[in-house]
Amino acid sequence: MEKYLFSLFSRLSQKLPYINNAELVFNVPAQGAHGDLSTNIAMLLSRSLKRKPREIADEIIGNLEPDQEIIDKVEIAGPGFINFFFNKTFLPLIIKEVLDQKGKFGRSDMNKGKRANVEFVSANPTGPLTVGHGRNAVLGDTAANFLEWTGYEVDREYYFNNAGRQMRVLGDSVKKRYLGILGKETDFPDDYYQGEYIKEIASKLVAQYGNKLENEDPEGVFKSAAEKEIFEDIKGTLLRMGIHHNIYFNEKDLYDNKSIDQILEELKKLGLSYEKEGAVWFKLSSMGGDQDKVIVKSTGEPTYRLPDIAYHITKFKRGYDLLIDIFGSDHADTYPDVLAGIRSLGYDDSKVTVLIHQFVTIIEKGEVVKMSTRKANYITIDQLIDDVGTDVVRYFFNMRDRNSHMNFDLDLARKQSDENPVFYLQYAHARICSIEKMTEEEKLLPSVDDLNLLETPEELDLLRKMHAFEKTIMKSAENFEPHTLCAYLEELAAAFHKFYRFRRIIGTEKKLAEARLALILAVRIVIKNGLALLGVNAPERM
RNA sequence: GCGCCCGUAGCUCAAUUGGAUAGAGCAUCAGCCUUCUAAGCUGAGGGUCAGUGGUUCGAAUCCACUCGGGCGUACCA
């Protein structure tokens with residue numbers, strides 16, 4: 001629908017060149033009475049032309065010359081909106097398009113040939129994935145899905161660090177538990193990893209090695225056993241959510257292949273680093289930053305900034321057109337430094353998109369659950385999936401704007417009831433599948449020959465909603481906002497349930513029944529495609 | 001103190017990126033199943049868009065300040 005209007009206006013611009021002075025945008029009005037599509041162009045032009053919006057709109061309409069077969073009516077409304085009403089024969093054509101493209105409907109190849117990298121989760125293997133990681137994981141995987149739908153070839157990457165202080169403490173935590181089981185040592189510092197899983201790893205080591213490890217270095221067997229075990233656990237959890245990273249990048253490689261040293265050298269050459277008090281500082285103040293930051297501690301150990309810069313540069317060198325980072329808000333302050341580093345070394349940091357999501361607050365029995373991996377006071381993704389299933393987990397994390405400080409009410413999520421929008425969508429899909437089966441027995445076949453029979457408000461509403469699918473995906477993809485798609489799907493499902501309530505297929509006149517059948521099969525495809533993008537199943541029976 | 005994010009119906013959240021009468025779900029109340037799945041549908045009530053000022057044809061959205069909450073503010077990541 002939009003394409004036709006754009007072509008109309010471009011022809012118009014030869015007669016009225018001034019319309020190019022403002023951005024032409026079409027929107028679906030909130031109210032049906034305002035037409036199928038609407039533009040505010042006349043109001044935008046008002047200031048520069050120093051004329052009244054309605055007067056401009058009048059001139060535009062007078063010169064537009066729309067095809068009567070496509071556009072039924074054009075009108076000026078309100079302060080100067082131009083509303084377009086499409087011909088009734090035009091609306092149902094979407095059904096043919098959907099049935100034709102099936103699982104590809106909504107996909108586009110606008111980014112064909114481009115490669116993107118989405119880095120997400122990236123939790124160090126110190127404990128099971130918790131609800132906090134869940135939001136990151138789902139948003140990352142969904143962002144990757146959206147990119148694929150717009151034509152990108154996508155790598156899903158997991159960046160981790162198995163050295164450093166965190167992991168040292170992990171190894172020592174296991175060792176202390178190990179000794180504890182053997183009755184050797186009882187002290188266990190508060191800031192060590194308190195989780196049950198540490199004890200389980202320790203007792204496995206006892207079972208395997210007895211007391212032979214008493215004098216082992218905590219960073220040896222203890223650490224590596226824990227790392228291996230925990231990483232397997234994390235991967236298993238991700239798999240349950242349908243998430244598969246095809247690249248795992250170990251920070252250690254950046255040291256082994258000397259890229260850390262090289263960057264340090266380059267920054268020095270560029271005069272962007274200096275030594276002070278035994279540490280190396282990154283001169284952010286000379287690049288618009290408010291203060292310089294340490295990149296190599298006086299102990300000789302780099303801070304996270306240096307490997308992070310080196311890591312991003314390896315991604316640049318791998319030739320991606322787009323780099324996505326998914327971070328929790330606790331990392332919000334760190335990435336500007338990293339981008340500055342990338343920029344200073346001559347790379348185009350506009351290729352990097354950092355998506356920050358706010359924290360998830362867990363509510364249980366009406367109270368906030370404070371979580372800490374170390375204190376072992378947390379709810380794992382695995383527990384969550386056991387409770388509510390993968391589909392609910394994925395949908396819930398997708399359905400809120402990433403900037404919202406979302407509340408995850410466990411008691412609510414556990415209810416597999418009508419309070420849950422996931423079931424509402426899946427139910428719509430299952431219902432259509434069920435009708436499909438029934439109509440087969442009635443010897444009814446979907447037909448696109450008499451689509452003009454579709455003219456009740458419920459049918460037209462479904463048709464309009466389907467017209468909006470492609471644009472919704474484009475918008476969701478452009479801004480990495482899956483919640484927009486969730487809202488769309490809920491509207492589409494609602495429109496279907498309403499249709500179901502008022503219009504029947506079996507038992508109505510054959511031609512109408514077959515047109516309606518084509519209609520709902522198209523709706524089913526759209527729901528299924530939308531859910532697929534979100535990583536949620538579309539069951540045929542419930 | 002400073003930086004980022006947030007504040008919308010009793011609760012959880014939307015709002016087509018500055019548009020038309022601010023919308024959904026849940027909860028509450030009143031209705032709808034001898035016919036394709038009632039995990040559904042119809043209707044009702046519910047709002048000082050945290051507050052104040054500003055910008056303009058037009059503000060929940062942009063700017064300034066105030067109040068309240070989250071996250072940062074390391075030679076942790």
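Model, not experiment: these values are computed from the prediction. Throughout, a chain's letter reflects where its sequence line sits, starting with A, and its residues are numbered from 1.
- In summary, Asp292(A) and Lys283(A) do not engage in a salt bridge, as defined by a charged side-chain N under 4.0 Å from a carboxylate O.
- Phe502(A) comes within 4.0 angstrom of sugar-phosphate atoms only, judged by non-hydrogen atoms across all strands, and of no base.
- Lys471(A) has a carboxylate O that lies under 4.0 Å from a charged side-chain N of Glu2(A), or vice versa, which qualifies the two as a salt bridge.
- Residues forming a ring pair (Phe, Tyr, Trp, His ring centres under 6.0 Å) with Tyr500(A) (at least two apart in sequence, or on another chain): none.
- If you take NE2 of His497(A) and C1' of G25(B), they are 13 Å apart, rounded to a whole angstrom.
- Remark: Lys475(A) in residues 456-477 of chain A come within less than 4.0 Å of RNA chain B through at least one heavy atom.
- In this structure, the CD atom of Gln426(A) is 13 Å from the P atom of G40(B), given to the nearest Å.
- Stem regions for RNA chain B, each three or more consecutive Watson-Crick or G-U pairs with both distances under 3.5 Å and listed by first number, read B:1-7 with B:67-73, B:10-13 with B:23-26, B:28-32 with B:40-44, B:50-54 with B:62-66.
- In textbook terms, a nucleotide whose glycosidic angle is within 90° of 0 is syn, and C33(B) is one such case.
- Remark: Asn398(A) engages Val138(A), Leu139(A), Thr142(A), Pro482(A), Cys486(A), Leu534(A) in a side-chain contact (heavy atoms from CB on, under 4.5 Å) (not counting sequence neighbours).
- Nearest-nucleotide assignment on RNA chain B puts the 5′-proximal partner with Ser404(A), out of Val25(A) and Ser404(A).
- For the pair Lys50(A) NZ and C57(B) P, the interatomic distance rounds to 11 Å; values are reported in whole Å.
- Pairs passing the side-chain hydrogen bond (donor to acceptor under 3.5 Å, both in side chains) check and including a residue from residues 476-485 of chain A, sequence neighbours excluded, do not occur.
- Annotated as syn: U17(B), whose O4'-C1'-N torsion sits within 90° of 0.
- Shown here are the side-chain hydrogen bond (donor to acceptor under 3.5 Å, both in side chains) partners of Ser122(A), two or more places apart in sequence or in another chain: Glu119(A).
- The nearest whole Å value for the distance from the CG atom in Leu485(A) to the P atom in A15(B) is 13 Å.
- Identified under the salt bridge (Lys or Arg N to Asp or Glu O under 4.0 Å) test for residues 390-400 of chain A, with sequence neighbours left out: Asp141(A)-Arg394(A).
- When each of Ile505(A) and Phe408(A) is assigned the nucleotide of RNA chain B with its nearest heavy atom, Phe408(A) is the one assigned upstream, toward the 5' end.
- With ring centers used as reference points, Phe249(A) lies under 6.0 Å from Tyr311(A).
- Nucleic acid contact class of Met399(A) (heavy atoms, under 4.0 Å, all strands): none.
- Note on Asp172(A) versus Arg168(A): no salt bridge recorded, every NZ/NE/NH1/NH2 to OD/OE distance being 4.0 Å or above.
- Checking C36(B), U16(B), C13(B) against the side-chain heavy atoms of Arg400(A) singles out C13(B) as nearest.
- Here C36(B) presents its C1' atom at 5 Å from CE of Met438(A), a figure rounded to the nearest Å.
- Remark: the separation of the C1' atoms in C65(B) and C71(B) is 23 Å, to the nearest Å.
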Provide a list of protein-nucleic acid N or O atom pairs under 3.5 angstrom, restricted to nucleotides 29-31 of chain B.
none

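- A salt bridge is defined here as a Lys NZ or Arg NE, NH1 or NH2 lying under 4.0 Å from an Asp or Glu carboxylate O, and Lys73(A) with Asp36(A) fails to meet this definition.
- Look at CZ on Arg541(A): it is 17 Å from P on C36(B), rounded to the nearest Å.
- With respect to Lys252(A) and Asp256(A), a salt bridge is recorded, a charged nitrogen being found less than 4.0 Å from a carboxylate O.
- A salt bridge does not link Lys498(A) with Glu458(A): none of the charged nitrogens is closer than 4.0 Å to a carboxylate oxygen.
- Side-chain contact between Ile60(A) and Ile56(A) is present, with heavy atoms from C-beta onward closer than 4.5 Å.
- Rounded to an integer number of Å, the gap from Asn420(A) CG to G40(B) P is 10 Å.
- The phosphate of C5(B) has neither OP1 nor OP2 within less than 4.0 Å of any side-chain N or O from Asn403(A).
- Here Ala494(A) pairs with Tyr424(A) under the side-chain contact (heavy atoms from CB on, under 4.5 Å) rule; sequence neighbours left out.
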### Task
For Ile230(A) and Leu170(A), run side-chain contact (heavy atoms from CB on, under 4.5 Å): C-alpha distance rounded to whole Å, both residues' side-chain angles, the deciding distance at 0.1 Å, then the answer.
CA-CA 11 Å; Ile230(A) 293 168; Leu170(A) 176 72; 4.0 Å; yes
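- The same atom, P, is picked in U16(B) and in C11(B); the two are 23 Å apart, to the nearest Å.
- Taking the charged nitrogens against the carboxylate oxygens, Glu59(A) and Arg51(A) do have a contact shorter than 4.0 Å, which makes a salt bridge.
- Within the structure, the side-chain hydrogen bond (donor to acceptor under 3.5 Å, both in side chains) test picks out the following pairs touching residues 355-364 of chain A (sequence neighbours left out): Asn136(A)-His357(A), Glu364(A)-Arg414(A).
- G43(B) and G25(B) have their P atoms separated by 10 Å, with the value rounded to a whole Å.
- Rounded to an integer number of Å, the gap from CD1 of Ile356(A) to C1' of G3(B) is 13 Å.
- Glu157(A) has its side chain out of reach of Val118(A): every pair of non-hydrogen atoms, C-beta onward, lies at least 4.5 Å apart.
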Just the atom pairs and distances: protein N or O near nucleotides 19-24 of chain B's N or O, under 3.5 Å.
unit_1	atom_1	unit_2	atom_2	d
G19(B)	N7	Asn40(A)	ND2	2.9
A20(B)	N6	Ser38(A)	OG	2.6
A20(B)	N6	Asn83(A)	OD1	2.9
A20(B)	N1	Asn83(A)	OD1	3.3
A20(B)	N1	Asn83(A)	ND2	3.1

### Summary of protein contacts for nucleotides 70-77 of chain B, nucleotide by nucleotide, where a base hit scores B, a sugar-phosphate-only hit scores S (4.0 Å, heavy atoms)
BSS--BSB
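- Separation of the P atoms belonging to A60(B) and G3(B) is 27 Å when rounded to the nearest angstrom.
- Contact annotation for Arg503(A): base contact, defined as any heavy-atom pair under 4.0 Å involving a base atom.
- Listed pair Tyr500(A) / A38(B) meets the phosphate criterion, a side-chain N or O lying under 4.0 Å from OP1 or OP2.
- Applying the 4.0 Å criterion to OP1 and OP2 of G25(B), one finds that Tyr395(A) has every side-chain N and O outside that range.
- Here, G23(B) and A15(B) have their C1' atoms 7 Å apart, quoted to the whole Å.
- Comparing A27(B) with U66(B), their P atoms sit 42 Å apart, to the nearest whole Å.
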